[in-house]
2 protein chains.
Amino acid sequence: MTIKTDHRHLYLQVIDRLKDDIAKGVFKEKEKLPSEFELAKSLGISRATLREALRLLEEENVIVRRHGVGTFVNSKPVFTSGIEHLTSISSMIRKAGMEPGTIYLSSMEALSSEDDIKRFHCEIDESVITIERVRTANGEPVVYCVDKVPAKYLPSDFLSRQEGSIFTAIEESGEIRVTYAVTFIDPTGYHEVASPILECEPETALLVLKQLHYNDKDQVVLYSKNYFRADKFSFHVVRKRV
Amino acid sequence: MTIKTDHRHLYLQVIDRLKDDIAKGVFKEKEKLPSEFELAKSLGISRATLREALRLLEEENVIVRRHGVGTFVNSKPVFTSGIEHLTSISSMIRKAGMEPGTIYLSSMEALSSEDDIKRFHCEIDESVITIERVRTANGEPVVYCVDKVPAKYLPSDFLSRQEGSIFTAIEESGEIRVTYAVTFIDPTGYHEVASPILECEPETALLVLKQLHYNDKDQVVLYSKNYFRADKFSFHVVRKRV
DNA sequence: TTTACATCAGATGTCTGATCTCTTCTGTTG
DNA sequence: CAACAGAAGAGATCAGACATCTGATGTAAA
């Protein structure tokens, strides 16, 4: 029994536990999973709860269940870093085996523009913070980021910090949690601002991801525009038949 | 009672039924859903089965459940046409209010190349069909498509048809069903083959989607490379926090 | 009047244990 | 050897109970 009691729902903890076990190799590819009855017993939970977890793992393509046969671990834990998962740029760079870095270009605070009001559904006299940064991989510039966030969502001392993740700063108070984002994908050839900053030739294509980050109340809390060097980054998506 | 008995699992039928009801407006936005007990009773199923369906609907963001409060219909059925759903180019064009068309450039049948063998896990002497087409919207070229598919997956008379969806042709026999695809997103500036075909200037950016289509046995049955005019198409993704 | 606390009803979360149905294996029979 | 019947094991579904959370309401104290 751990000190820190996990207050999240049980089936979510079970999902994490099973994913961990699969990742650690406790359960190997194909076959392997014990029957629901045994698995529930060994996890110390009821079969009903285990089944809720299994159903979601099946939906995520982590496992496959066959009536009357058993539950199987799906090999290929590949696509998990696809664009449909919201991950930070830092972790993407780190996963590629390189060291992420950040160069702050500018921060400014201004009253909300017409676009801001539309985006954030905020008041006309609200303060909105705009931050420009360049993300680097092993010291080389790879992404140019422009982030906009209403000042009320950030700690008051944020502008003076000049470092740290905006994401983390927003969630710092504990009142806001970014749960999902809608990303618009937009290829660009030469971009007069981004291309020089990223030190790339005019013929190097850029991929622009415009993202609206939402909290659990479906309010936009962060708008970011990221210019990726297409020759350095690769994105993929798993598309499901509907 | 309908004649055709539905042999799919019960919880899947329940999901469809609930989605239908929401679409039809039987259950309106927010609030509305009866308690699990009542809903199960009115659907003639057990609460456990209903809960399996509800859990998946929650995962799909169709509903929201709050412990001790109730189950609510999530408004905004918006983003459903995002890139994470596998839809045909025709339907994308039609949804934009334009008339889709197809121009066949070439079809050829050849023995598998080294790449083909790697992609399809096929034999070295197998026949692979390559089809080049241009998709049009209101007569204007917007997408250049190169599709590759092992001949064994297609009806023998396919090459002589010169029309119809490759997708449909593959599934025609009833033995194969494409269940999902993995799409790699790749922006390009000028492309020496695609750009002239799409009649676009060198500075018009292209978005290349390379897709591996899988059947339910996780075999690659179709590889397609689609060049979209970036000024005509827009893609978006809903990214979930993990 | 306002605030704080206790209580309660109703909803989802979890558990137990049983039955139903599907798939696979195995042994019998012709 | 093939066809069929049965058994065993697994997931699918069911029925009902209890646990826990949330929101509303009533009541007493400030």
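Lettering of chains follows the sequences in order, A, B, ..., and the numbering in each one begins at 1. Side chains included, hydrogens not; waters and symmetry mates left out as well; all remaining heavy atoms used.
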From [atom1] of [X] over to [atom2] of [N], roughly how many Å is that when rounded to an integer?
{"X": "A:Leu10", "N": "C:dT16", "atom1": "CG", "atom2": "C1'", "answer": "15 Å"}
{"X": "A:Leu43", "N": "C:dT14", "atom1": "CG", "atom2": "C1'", "answer": "15 Å"}
{"X": "B:Tyr11", "N": "D:dT13", "atom1": "OH", "atom2": "P", "answer": "8 Å"}
{"X": "A:Phe72", "N": "D:dG11", "atom1": "CZ", "atom2": "C1'", "answer": "11 Å"}
{"X": "A:Arg55", "N": "C:dG13", "atom1": "CZ", "atom2": "P", "answer": "17 Å"}

>> Restricting to ring-ring contact (aromatic ring centres under 6.0 Å, His included), what partner residues turn up for B:Phe120, sequence neighbours left out?
In response: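 Result, ring-ring contact (aromatic ring centres under 6.0 Å, His included) vs B:Phe120: none returned.
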
>> My understanding is that only residues two or more places apart in sequence, or in another chain, count here; which of them pass ring-ring contact (aromatic ring centres under 6.0 Å, His included) with A:Tyr223?
In response: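 If we apply the ring-ring contact (aromatic ring centres under 6.0 Å, His included) test to A:Tyr223, skipping adjacent residues, there are no hits.
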
>> Counting the atoms with a prime plus P, OP1 and OP2 as sugar-phosphate, which does A:Phe37 contact under 4.0 Å by heavy atoms, base, sugar-phosphate, or nothing?
In response: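 Counting heavy atoms under 4.0 Å across all strands, no contact is made by A:Phe37.
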
> Below 4.0 angstrom, N of the basic side chain to O of the carboxylate: do B:Asp20 and B:Arg17 qualify?
Replying inline: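 Here B:Asp20 does not pair with B:Arg17 in a salt bridge, since their nearest N and O are not under 4.0 Å apart.
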
Just the atom pairs and distances: protein N or O near nucleotides 7-11 of chain C's N or O, under 3.5 Å.
| from | atom 1 | to | atom 2 | distance (Å) |
| --- | --- | --- | --- | --- |
| C:dG10 | N2 | B:Gly68 | O | 3.1 |

> Listed in order of residue number, which residues of residues 44-52 of chain B have a non-hydrogen atom at under 4.0 Å from DNA chain C?
Replying inline: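 Nucleic-acid contacts, sorted: B:Arg47, B:Arg51.
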
> Within 45° of the axis and under 6.0 Å from the centre of the six-membered ring of A:Tyr11, does NZ or CZ of B:Arg55 qualify?
Replying inline: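 Yes, cation above the ring, under 6.0 Å and within 45°.
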
> Who are the side-chain hydrogen bond (donor to acceptor under 3.5 Å, both in side chains) partners of A:Arg47, not counting sequence neighbours?
Replying inline: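 Residues passing side-chain hydrogen bond (donor to acceptor under 3.5 Å, both in side chains) with A:Arg47: A:Glu36.
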
>> Under the rule for salt bridge (charged side-chain N to carboxylate O under 4.0 Å, His left out), what residues qualify as partners of A:Glu109, not counting sequence neighbours?
In response: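 Testing A:Glu109 for salt bridge (charged side-chain N to carboxylate O under 4.0 Å, His left out), a comparison that skips the adjacent residues, returns none.
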
> Can you check whether A:Arg65 has a side-chain N or O nearer than 4.0 Å to OP1 or OP2 of D:dA12?
Replying inline: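 So the side-chain polar atoms of A:Arg65 do come within 4.0 Å of the phosphate oxygens OP1 or OP2 of D:dA12, strictly under.
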
> Between A:Cys145 and A:Ile89, which heavy-atom pair has the shortest distance, and what is it?
Replying inline: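 Smallest heavy-atom distance, with atoms named: SG-CD1, 3.9 Å.
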
> What are the two closest non-hydrogen atoms of B:Arg133 and B:Asp147, and how far apart are they?
Replying inline: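 Looking at all heavy atoms of both residues, the closest pair is NH2-OD2, 3.3 Å.
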
